[in-house]
Amino acid sequence: MTQDKLFELNNVCKQFVKGKEAISIFENLNITIKKGDFLAIMGPSGSGKTTLLNLLGGVDQPTSGEIKFDDDRIDQLSEGQLAKWRSNNVGFIFQFYNLMPMLNAARNVELPLLLTQLNRSQRQQSINTALELVGLADRAKHMPGELSGGQQQRVAIARAFVSDPKLLLCDEPTGDLDRQTADEILEMLQLLNRKFGKTVIMVTHDPAAAKFANKTLHLDKGQFVEKELMA
Amino acid sequence: MGTILSQTIAVIIMNIRSLPRRIWMSAAMVLASAVVVAILLAFLAMAKGFETTLESAGSDDLAIFLRDGSSAELNSVISKEQVSLIETAPGIVKDSEGSLLSAELYVIVDGIKKSSQTEANIPLRGIDQRGITMRKGFQLTKGRMFATGTNEIIVGNGIIREFDGFDLGQEIHFGKNTWTIVGIFSTGGNVFESELWADVKVIQNFYRRGSSVQTIRARIESIDSIESIKAFIKNEARLNLEVQTESDYFSTQSKSLNYMAIFGKVISSIMALGALAGALNTMYTSVADRSKEIATLRIIGFSNISAFFGTLFEALTLSAFGGLLGAFIAFLIFDGMNASTLGGNFTQVVFSFKFSNDLLVQGILMALLIGLISGVFPAWRAARMPVLLAFSNQH
Amino acid sequence: MNDLFLIYKNLTRKKLRLFLTSFAIFIAFLIFGAVSALKGSLDSGIEMSADNRLVVVHKINFTVSLPYAYVNKVKQIEGVKDVTHANWFGGYYQEPSNQIVALAVDPASYFDVYSELIIAPQQKAQWLKNQTGMLIGERLAKVYGWKVGDRIPISSNIFSHNDGGHTWDFVVDGIFSAEEVQTDTGYLVFHYKYFKETQTFGGDNVGWLVLTTKSSSINEKVAKAIDKEFANSQAETETSTEKAFNKAFLEQLGNIGLIIFSVVFMAFFTILVVVGNTMVLAVRERTNEIAVLKTLGFTSMRIFKMILAESLLLAFLGGLTGLGVSYIVIKGVSEQLARFLPNMVLTTDIVLQALFYMLALGLISGIIPAVNALRLNIVSAFNRG
């Protein structure tokens, strides 16, 4: 069974201009990512892995080249179009959770739903489902400040998939957590990948975390080496 | 990690270094403090100037007689007969000519104010040479005294400052009467300098007062003389006069304008509260902005006392600077500024805003108070900042 | 949850900051409302002046009296409609410190000239018959609680009664009011005849004359004619419009009023600047969250609107509360100061001005962070944090 392509990057170049210098992150990057992949992107700091994640998430634009998502080009979209695309297709999970401190868990999870057309009871249902899945239904009313790091990250995960995006992008999701909690998080990501068919792309520097993925991409100085792993 | 002092100094230096990043917050702090001090000083200087003008006019060794029930010189009427009776009253100093009395008239004329080019009331006092000698601090600064029985007039310094058309040698017209200005006088900056003086008998004539006057001033032997004079008046049915020391008279006069001073103080206090809230808010924000650095310092080992004093020092410095700025601006704008307003006699009282050194001290103290209040609470927060913030990505 | 909820949550995030900011705005607008109303009350004499009323005073000064004979002479001048006259009584009630504005007037003509005053016809008729009667203004009646029929002694700090003493007995025959709230009703009027016949100085003098012209367009002509009539006489006159006269009188309060008001308004603006500054900074602190929202898919414009709405909400919250309290303060102070000042009112004009400043505060302090949020680049925002 051939998997469909989710992402196709063709000759992607990315440069940053710092003062008078142009620093090249990628030159002619070509990658294919298939639907249902759990991809770990690894590499030393400065290798461009976060930049790659940003490009895949429509948060940044390449200097040149094509990025295709589901056969549609996203590298030429306007900011407004990208915003819409992100809200429909991507869920983000950050190293430092990035929850809104003044909203409780349920409301944090509700945020992406404000970008949809769902009515109140429909939203409520999605929130409940999401929180149950991450095992925090009983903490729905708690503020982020009252939750542990692992719990906050789980809320963040719930927020990431509550509007059922095809793609989950994670930037060092376990970087701030202890071993045991990290494993719990990674298991959850696996669950979302295997049971719900979400494509998960995770940037990490932790080899143990990478073991949860089924593919690894090593980036070094803008070039990569792909390795397939069996989970 | 060194003494508390050296830690505090290190914190202060760190704060100063990060100041450029927080330039707007610091500027707001300075501005809030400057405004409060400026307003406070302006109103204090105004009240002071007014007080000085009125109170320095009154003398404890002069008694002033007004008709019973008159609230001001303008309203009073005293007959020649009554003046003669007063000459025989006890407690009045006598010289070679008899009791040292001055029977005076007080009428109102119009002058054009320099500032607004509109008309305003000016007192024209009918006085004789004897009465002039009784005025403490009287000095002719230019020209000469008016000659008795002529339509010559001398002008107070305050008039020269505030009004047009009263130059030496000029002829002025009030209604149908013409006067010539022959001299300019000063009385030490008090309310008499806002007056025009001319011969009492000429004014009686021009204003058809017959032989009546409006007030009597008498040099008294001591303050206790007032009581004996009061008894004297009570016994004499023909005397429906009130007597008090001149200084008492003027302090009553200034009471009605106390309202303005009170109003000023109330308003500036309320404004100060608002500005204080702004300053406090600014300092809190300022501390929050630096929370990571403060927490980092504390992790390294700086004591929380140093964080406290370092922050407090910053607040005090900014507000002190603002206070100086505010005081300076207030001084520039207001010092010596002539203000005038309606006095109890419906005439213009001219006074200057008075900036003294102790006013400056008050201003600085107020600024430091602002700095203290707006600094101590955020400083406390800085001292108790959870150290883990150093590791956090969030504020 | 919706955008408004998010705004609310952002505002209440730091309760102390919200309180301090709102408090400062509250104070600023409280002062603005109260001081503007005070200024308005002082200026109201000018505002409430009638277009076609002229005041005739002695050229030397309005405290010098004019001959009674002038009244008829002025009546003859072309363009003059109604003429009345008044004498300043220097009144007080019981204590010299309880000063009362009391005028000895010509009863037949006073209310013709001051046509904006309202008096019940039977009260006026009663007063016309009763020489010791007086009509008191509504505000004055309120201050002392006087009612129709009360016997009130009013004293003078200038004149003496030929019975001895300085007190005249009066009966309250009526209470007059005015259509406009700002028209002063804090004084009383009584019969000139009663005054003339009982005061010790004698002489047929009036303090000043007030007249209406047939049309305001001929004001200047009539004024000139009147002054010409009495030029070169023993008592020369100066005639001006009521507005000009009141204005000149107010000018005599001097630049003191101007200074006080300027200072207060300056402080008002400074507070707004200081507060606006904190509002800008408050949003800047949330750069990270704004980046997250953008990442989730919130459009820049949506976030822009939310930030602007937030600062507008804050400005109006503090501002309306301050204005509301100033309304209460004004009412209270107005009653306390009823003796000295005409009514202090929070006019529509003041309210509109205040609303404008609230709007300006909200917009200006909101626009800067809102634009910054609009232009925020997600990548660099995350790099910074």
Side-chain angles (χ1 to χ4, degrees), chain B residues 24-25 27-28 31-32 35-36 38-39 42-43 46 67-72 74-75 77 107-110 113 115-116 118-121 174-177 207 240 259-260 263-264 267-268 270-271 273-275 277-282 284-285 288-289 337 339-342 346 348 393-395, chain C residues 14 16-17 19-21 23-28 30-31 35 38 58-64 90 92 96-97 99 155-158 160 166 201 232-236 247-248 251-257 259-260 263-264 266-268 270-271 273-275 277-278 280-282 285 288 340 385:
Chain B
W24 288 114
M25 284 184 255
L31 188 62
V35 158
V36 174
I39 300 182
F43 279 120
M46 178 178 90
R67 196 200 53 141
D68 210 11
S70 309
S71 52
L74 180 66
N75 304 332
V77 174
V107 298
I108 301 186
V109 296
D110 284 338
K113 279 177 81 159
S115 54
S116 58
T118 57
E119 276 188 355
N121 296 342
F174 296 129
K176 297 209 71 194
N177 307 319
Y207 286 82
N240 62 339
Y259 288 118
M260 227 171 261
F263 173 77
I267 290 288
S268 51
I270 298 179
M271 278 313 218
L273 270 182
L280 195 57
N281 209 10
T282 307
Y284 269 123
T285 309
D289 186 69
M337 177 184 265
S340 52
T341 188
L342 223 47
F346 272 131
Q348 292 284 289
N393 208 20
Q394 308 207 333
H395 283 136
Chain C
K14 288 192 183 173
L16 183 61
R17 169 183 291 172
F19 170 73
L20 288 174
T21 311
F23 183 73
I25 299 176
F26 164 80
I27 291 280
L30 168 66
I31 298 280
V35 173
L38 176 64
H58 196 295
K59 189 158 183 215
I60 293 182
N61 188 272
F62 67 78
T63 56
V64 184
Y92 64 88
S97 51
Q99 293 197 12
S155 316
S156 166
N157 62 22
I158 308 175
S160 301
H166 328 277
F201 294 167
N232 300 317
S233 70
Q234 271 297 3
E236 295 186 308
K247 195 150 189 271
E251 296 268 350
Q252 303 222 40
L253 277 183
N255 48 1
I256 270 298
I259 292 174
I260 293 182
V263 165
V264 170
M266 235 186 26
F268 168 75
T270 308
I271 289 184
V273 165
V274 171
V275 160
N277 182 53
T278 357
V280 169
L281 295 169
E285 282 176 2
N288 202 58
F340 313 103

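First the proteins, then the strands, lettered A, B, ... as listed; each starts at 1. Computed from a predicted model, the values in this text were never measured in an experiment. Only heavy atoms go into these numbers, but all of them, side chains included; no hydrogens, no water, no symmetry mates.
Proximity to chain B involves both the backbone and the side chain of Phe268(C), based on heavy atoms less than 4.5 angstrom apart. The contact between Val35(B) and chain C is made entirely by side chain atoms (from C-beta outward), counting heavy-atom distances below 4.5 Å. Interface residue Ser156(C): only backbone heavy atoms are found under 4.5 Å from chain B. Neither the backbone nor the side chain of Val280(C) comes within contact range of chain B; no heavy atoms are under 4.5 Å apart. Heavy-atom distances place both the backbone and the side chain of Leu20(C) under 4.5 Å from chain B. When heavy atoms are compared at a cutoff of 4.5 Å, Thr21(C) approaches chain B by way of both its backbone and its side chain. Interface remark: Ala267(C) contributes backbone and side-chain atoms alike to the contact with chain B (heavy atom separation under 4.5 Å). With a 4.5 angstrom heavy-atom cutoff, Ile25(C) does not touch chain B via any of its atoms.
For the pair Phe62(C)/Asn121(B), a side-chain contact is recorded, criterion being any heavy-atom separation below 4.5 Å from C-beta on. Residues Glu285(C) and Thr285(B) meet the side-chain proximity criterion, which asks for heavy atoms closer than 4.5 Å.
Interface summary for chain B: among His166(C), Glu236(C), Gln234(C), the most heavy-atom pairs under 4.5 angstrom belong to His166(C). Of the residues considered (Ala279(B), Ala42(B), Ala28(B)), Ala28(B) shows the highest number of contacts with chain C, using heavy-atom pairs under 4.5 Å. Comparing Asn177(B), Thr282(B), Ile39(B) by how many heavy-atom pairs each has under 4.5 Å with chain C, the most go to Ile39(B). With respect to chain B, the highest number of heavy-atom pairs below 4.5 Å among Ser155(C), Ser233(C), Ala235(C) belongs to Ser233(C).
Interatomic distance, Leu280(B) CG to Leu273(B) CG, rounded to the nearest 0.5 Å: 11.5 Å. Atom OG1 of Thr270(C) is separated from atom CG of Leu31(B) by 5.5 Å, given to the nearest 0.5 angstrom. Put simply, CG on Asn281(B) and CE on Met25(B) are 11.0 Å apart, with the number rounded to the nearest 0.5 Å.
Evaluated for a side-chain contact (heavy atoms from CB on, under 4.5 Å) with Val275(C), the options Asn277(C), Val273(C), Ile271(C) yield exactly one hit, Ile271(C).
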**OP:** Given side-chain contact (heavy atoms from CB on, under 4.5 Å), test Arg67(B) with Asn240(B) step by step and report yes or no.
**Re:** CA-CA 6 Å; Arg67(B) 196 200 53 141; Asn240(B) 62 339; 3.8 Å; yes
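Here the closest heavy-atom approach between residue Lys59(C) and residue Asp110(B) is recorded as O-OD2, 3.9 Å.
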